[in-house]
Amino acid sequence: MDPPQLPTIPEFFRDREIFITGGTGSFGKAIIEKILYSCPDIRRIYLLVRCKKGVEARDRIEKFKSNQRNMDPPQLPTIPEFFRDREIFITGGTGSFGKAIIEKILYSCPDIRRIYLLVRCKKGVEARDRIEKFKSNQIFDRIRAKDDKVLDKLIPLGGNSMSLQLGLSEEDLAKMANVSVIINSAASIRFDEPLRDAILMNTRSARELVVIAQKLKNLKVLIHISTTYCNPSYKVIEEKVYPPLADWRQAIKLAENLDSEIFNFLAAKYTSFQPNTYTFTKSLAEQIMKEYSEKLPIVIFRPSIISTSIKEPFSGWVDNYNGFTGIVTAIGTGLVRVMYTNISIKCNYQPLDVCVRSLLVAIWKHSVVPTTNMITYNCACSKEKEIMCGSLFHHCFNIAKDIPLDETMWLPNLTVISYKLLYKITVIFLQVIPGIFFNVILRMMKKKSIALNIMRKFHFASFSISYFMFNEWLFVNDNFFNLMNDIKLEDMEEFSFDFYEALEEGRYLYNSLRGTRKYLMGQKEESIPRARTTYRILWVLDSAVKIIFWFRNMDPPQLPTIPEFFRDREIFITGGTGFLGKAIIEKILYSCPDIRRIYLLIRSKKGVEVRDRIEKFKSNQIFDRIRVKDEKLLNKLIPLGGNSMSLQLGLSEEDLAKMANVSVIINSAASVRFDEPLRDAILMNTRSARELVMIAQKLKNLKVLIHISTTYCNPSYKVIEEKVYPPLADWRQVIKLAETVYPDILETLSAKYMDFQPNTYTFTKSLAEQIMKDFSSKLPILIFRPSIISASVREPFPGWIDNFNGPMGIITASGTGLARVLYTETSIKSNYQPLDVCVRSLLVAIWKHSVAPITNMITYNCACSKVKEISIGNFVQHCYNIAKDIPLDKSVWLPNLTIISYQILYKIAVIFFQVIPGMFLDMILRVMKKKPIALSVMRKFHFASFSISYFMFNEWLFVNDNFFNLMNDIKLEDMEEFSFDFYEAIEDRRL
């Protein structure tokens, strides 16, 4: 039985009369045209038309009817067609990025008329002479091979970005009259640039450029090249301009008038303690662009760390030591032995040709289809393509064996240190002293003694970028990747830029090092065999030195393994009889059998006492492999009678005394019912957290208290970072209300009081996090947030599950054939995390923060990566396919599930697909003298579907860097038992 047949859109409009205001406007005309074309059976369209310039409404409507509309949208030119006969102006064209932009335009758009370059005199060399030398640059090799006359289209304009009017003469400005594209690539990228110079170069130059741009009548677009790192105080960088750090007009005025020394002295405070003058002044430049965007067609383009090219102009092309190129080169020479960073930090590198291609696509798009609003593009790779520092160094060492540098002075090796004092001490022993030794040898060989100087430069460079080597950001790049959808088919080969996303990390770095060697250092391919011989000799010498001096690296204090940490410990767990709690207990007993005791908070239930409940609990199927290994381990479970909804958790003083030696607390207790009355949810999820921290303060041996929350406790935010968000209410007041206000009154006020949160569960779990945050200065607290916990992958058994929460309820209900309709959207993706992944990572977090305690409270989003999320449509399809192979025993009808996203249609469909069939099935069950459960099951599924509907129509992005970085902390001995990244490699259907 199909639901009531809805009319098609043309059928709906048949014989209708409609009224439209603004019908003569651009949007109105398009609406009318579409209705008349696609719904020709409409009866009438009434238009509100005013008299205009003496022309009556009737006459205007006749003219209106003659308006021409092409059936197809105007044919957009290809990118080379757009640049044909254009004149463009580029600042910073002699820089690394600027050169690559010019090369690509001349190579792929050779019919361009002129490219004006802002070129300053340098070391007494005039702009004209500099441009001739510029044309001979190696980057233009393929242009010379194709047609070297194209390079004559480069026209130098003498000037200086640090000067007023960019140092351009009136004569040069007159030459620029026909310029239609401006690319602002000029910038000082020195992190230690004096503030005055940085403002003049990066900020005032932007103002001077927009003033010039206002005089250009043919201007189509001004693209300002910024950086994704110009707002480093935000951890999630969206494609928008952020609030100003200072007034750019005042900043320019101060730089022009204030004494340099005084201004630089005040720099730290004036820049709002930004990590350097570069990020501060680039941020101010964006403010200028934002203010002038109402008058000019401006686009902001923010590359992340620009790295070596993949394809163009040549594979591995690079001509500076910025980004990882400098690190790779310094390590490769063997001179740099110590690095101040954290190996687990991920950096966002974007290949040079990806940046160039996407920038030209953005110019083309906003010129041929102009927009009124200024658009910002974060030219950053996807989160999955970011490279971890440790991985980068590891690849470098391996690649250096195959293609070592010609001038390697010692076997490449690097010690990474994240403690500043230890780093400074190590620099003296591993860099300064060896540097002096190398300089002595170089002098004896009558060569320039450069070793110590290189080490010194790298040391200061390392410190200048240290802020970025200890922090990570999430770059939202939807606008950027959406540019790919705008590229015409004819332009795909020359201008598509998504090839980096499919390139293997090791392959890219290998080509990068090869390119660095060839293009930046000028080392020929023929010298590689000799360099390999040198490398082998250095390896022998390095080994000999270590043997002679019995040299060995000073290892940090040996940390215990996870089982060693839990040996003889006593832990306390709330919610131990729940789904996650049981799995945690089972894993600890199985993998850490030398634990002394596990205290469980257990309440009497349905007249069954605590002792009887624990015996039944021990017989649970989840402990089967423990019974096989050693059944006596289950005797380490000690029940403590209590109730999470009671004060002091319902624990007696005697039981509290037993807990004196507890060093680990796991707070797993919670009511996960979304429709829990507000009072009960507060007492269970919020007040219990307060009671627990009060108890924890009395435990002298406490190493860690881990509070299990949920990634969904802040659903009003679409990007969930690993931090505690601002409170929705005062938790003290909330608890007081739950204790004193009559439940019915509290329930009436719940929607407004909860700030319209989707349910009482998310609201009360959010308040519990506030409690943990407030007490984190007194207690070693961690917050652990799983997403939707699903069946296990491996432990205790593949597919282990003991409840119908999450996807299991949908699978079971649809598998029986009883649930026929689901209220959701097929494209919505859900974040599932297998049970054993949650358990293993939680135990690693406990271990890490116990053996290496830190002062700040850490939050872990235990969520799978974005690429592992499963869309509801795919999930349902997998269920159908699997049900054919392993159907349920009690299937009452062929499994089928109709997904509907319209509430009214869903309710109608429920009646026809569930209620009526349910009544029929119950009649059959009664005839068979069986319990009529069909309608009851369908009813439960219907209400459950509605209770989770908020989560079935919304998606979130979970930042989980802290969570995945836990993998880097696991000791080699613990990998087999506690690593938790296996889910990322498993196929959805297999799970």
Side-chain angles (χ1 to χ4, degrees), residues 228 304-310 316 318 321-332 334 336-351 354 380-405 411-418 423 458 462 465-466 468-475 499-517 553 556 841 844 848 864-868 959-972 974-975 978-985:
T228 52
S304 57
I305 306 168
I306 302 178
S307 55
T308 58
S309 64
I310 295 175
V318 66
Y321 289 103
N322 299 329
F324 67 70
T325 311
I327 298 170
V328 168
T329 310
I331 295 169
V336 171
R337 319 293 291 176
V338 191
M339 183 84 179
Y340 181 50
T341 185
N342 185 331
I343 58 170
S344 63
I345 290 294
K346 289 182 177 179
C347 294
N348 193 297
Y349 297 110
Q350 192 66 293
V354 171
C381 69
S382 63
K383 194 70 180 168
E384 291 73 29
K385 287 300 293 180
E386 291 183 344
I387 304 174
M388 194 180 293
C389 286
S391 179
L392 173 65
F393 302 146
H394 177 71
H395 282 303
C396 287
F397 294 142
N398 290 335
I399 296 166
K401 296 173 187 176
D402 187 45
I403 45 171
L405 301 179
L411 191 73
N413 191 22
L414 189 70
T415 301
V416 177
I417 297 174
S418 56
Y423 166 75
F458 188 84
S462 179
I465 63 172
S466 60
F468 303 92
M469 300 299 275
F470 283 90
N471 288 283
E472 288 185 13
W473 291 264
L474 174 66
F475 300 115
F499 41 82
Y500 177 48
E501 296 295 313
L503 187 64
E504 193 264 322
E505 181 181 288
R507 191 74 232 160
Y508 173 63
L509 292 173
Y510 183 88
N511 291 336
S512 296
L513 189 55
R514 203 173 195 113
T516 300
R517 193 182 187 283
N553 290 325
S841 54
V844 173
K848 175 185 176 179
C864 70
S865 63
K866 193 71 180 167
V867 294
K868 286 299 294 180
V959 179
N960 48 13
D961 296 333
N962 291 348
F963 170 70
F964 276 116
N965 284 341
L966 281 172
M967 272 298 301
N968 303 320
D969 299 308
I970 303 173
K971 297 190 69 165
L972 190 61
D974 285 330
M975 274 294 176
F978 294 95
S979 65
F980 54 86
D981 59 349
F982 43 82
Y983 175 48
E984 297 296 314

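Residue numbers start at 1 and run along the sequence shown. As the structure is a prediction and not an experimental result, all values here were calculated from the model.
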ask   = Side chains of Ile331 and Phe397: does their closest heavy-atom pair fall under 4.5 Å?
value = yes

query = Taking atom types as modelled, is there a side-chain donor on Tyr349 or Thr308 under 3.5 Å from an acceptor on the other?
reply = no

query = Side chains of Tyr510 and Asp402: is there a donor and an acceptor less than 3.5 Å apart?
reply = yes

message = To the nearest 0.5 Å, what is the distance between NZ on Lys346 and CH2 on Trp473?
response = 15.0 Å

task = List the atom of Ala380, the atom of Phe475, and the distance in Å for their closest heavy-atom pair.
result = CB-CB, 3.8 Å

inquiry  = Give me the atom names and distance for the closest heavy-atom approach of Cys347 to Ile305.
reply    = CB-CD1, 4.3 Å

query = How many angstroms lie between atom CD of Glu505 and atom CE of Met388, to the nearest 0.5 angstrom?
reply = 9.0 Å

remark   = In this structure, OG of Ser304 is separated from CD of Glu386 (nearest 0.5 Å) by 8.0 Å

request  = Might you point out which heavy atoms bring Ile970 and Asp974 nearest each other, and give the distance in Å?
outcome  = CG2-CB, 3.6 Å

query = Can you name the nearest heavy-atom pair linking Asn471 to Ile345, along with the distance?
reply = O-CG2, 3.8 Å

Side chain to side chain, Leu414 and Val338, heavy atoms closer than 4.5 Å = no

ask   = What pair of heavy atoms forms the shortest contact from Arg337 to Asn413, and how long is it?
value = NH2-CB, 3.4 Å

query = Got Asn348 and Thr228 here, is their nearest side-chain heavy-atom distance under 4.5 Å?
reply = no

ask   = Between Thr325 and Tyr321, is there a donor-acceptor pair closer than 3.5 Å when you use the side chain of the first and the backbone of the second?
value = no

inquiry  = In the structure I gave you, are the side-chain heavy atoms of Met975 and Met967 within less than 4.5 Å of one another anywhere?
reply    = yes

query = Sequence neighbours excluded, which residues qualify as side chain to side chain donor-acceptor pair (under 3.5 Å) partners of Lys848?
reply = Asp969

task = Check whether the ring centres of Phe470 and Tyr340 lie less than 6.0 Å apart, and answer yes or no.
result = yes

request  = Would you check if the side chain of Ser391 reaches a backbone N or O of Ile387 as a donor-acceptor pair within less than 3.5 Å?
outcome  = no

query = What distance do Ser512 atom OG and His395 atom NE2 have between them, rounded to the nearest 0.5 Å?
reply = 11.0 Å

ask   = Are side-chain heavy atoms of Ser307 and Pro351 found at a separation under 4.5 Å?
value = yes

Asn511 (side chain) donor-acceptor with Gly316 (main chain) under 3.5 angstrom = no

key: Sub-6.0 Å ring centroid separation between Phe963 and Phe980   = yes

message = What verdict does the side chain to side chain contact (heavy atoms under 4.5 Å, CB included) test give for Asn965 and Glu472, after you've listed the backbone C-alpha separation in whole Å, the side-chain angles of each residue and the deciding distance to 0.1 Å?
response = CA-CA 12 Å; Asn965 284 341; Glu472 288 185 13; 4.1 Å; yes

inquiry  = Could you check whether any side-chain heavy atom of Ile417 comes within less than 4.5 Å of a side-chain heavy atom of Met339, counting everything from C-beta outward?
reply    = no

message = I'd like to check Leu405 versus Arg517 (side-chain heavy atoms, cut-off strictly below 4.5 Å). Are they in contact?
response = yes

query = Does any N or O in the side chain of Arg514 come within less than 3.5 Å of the main-chain N or O of Ile403, such that one atom is a donor and the other an acceptor?
reply = no

task = Check whether any side-chain N or O of Thr341 sits under 3.5 Å from a backbone N or O of Met469 as a donor-acceptor pair, and report yes or no.
result = yes

request  = Quick one: pull up CZ in Phe393 and OG1 in Thr415 and give me the separation to the nearest 0.5 Å.
outcome  = 11.0 Å

ask   = How long is the span from the CG atom in Asn398 to the CG atom in Leu513, to the nearest 0.5 Å?
value = 11.5 Å

request  = Quick one: list whatever passes side chain to side chain contact (heavy atoms under 4.5 Å, CB included) with Cys396, sequence neighbours left out.
outcome  = Val328, Leu392

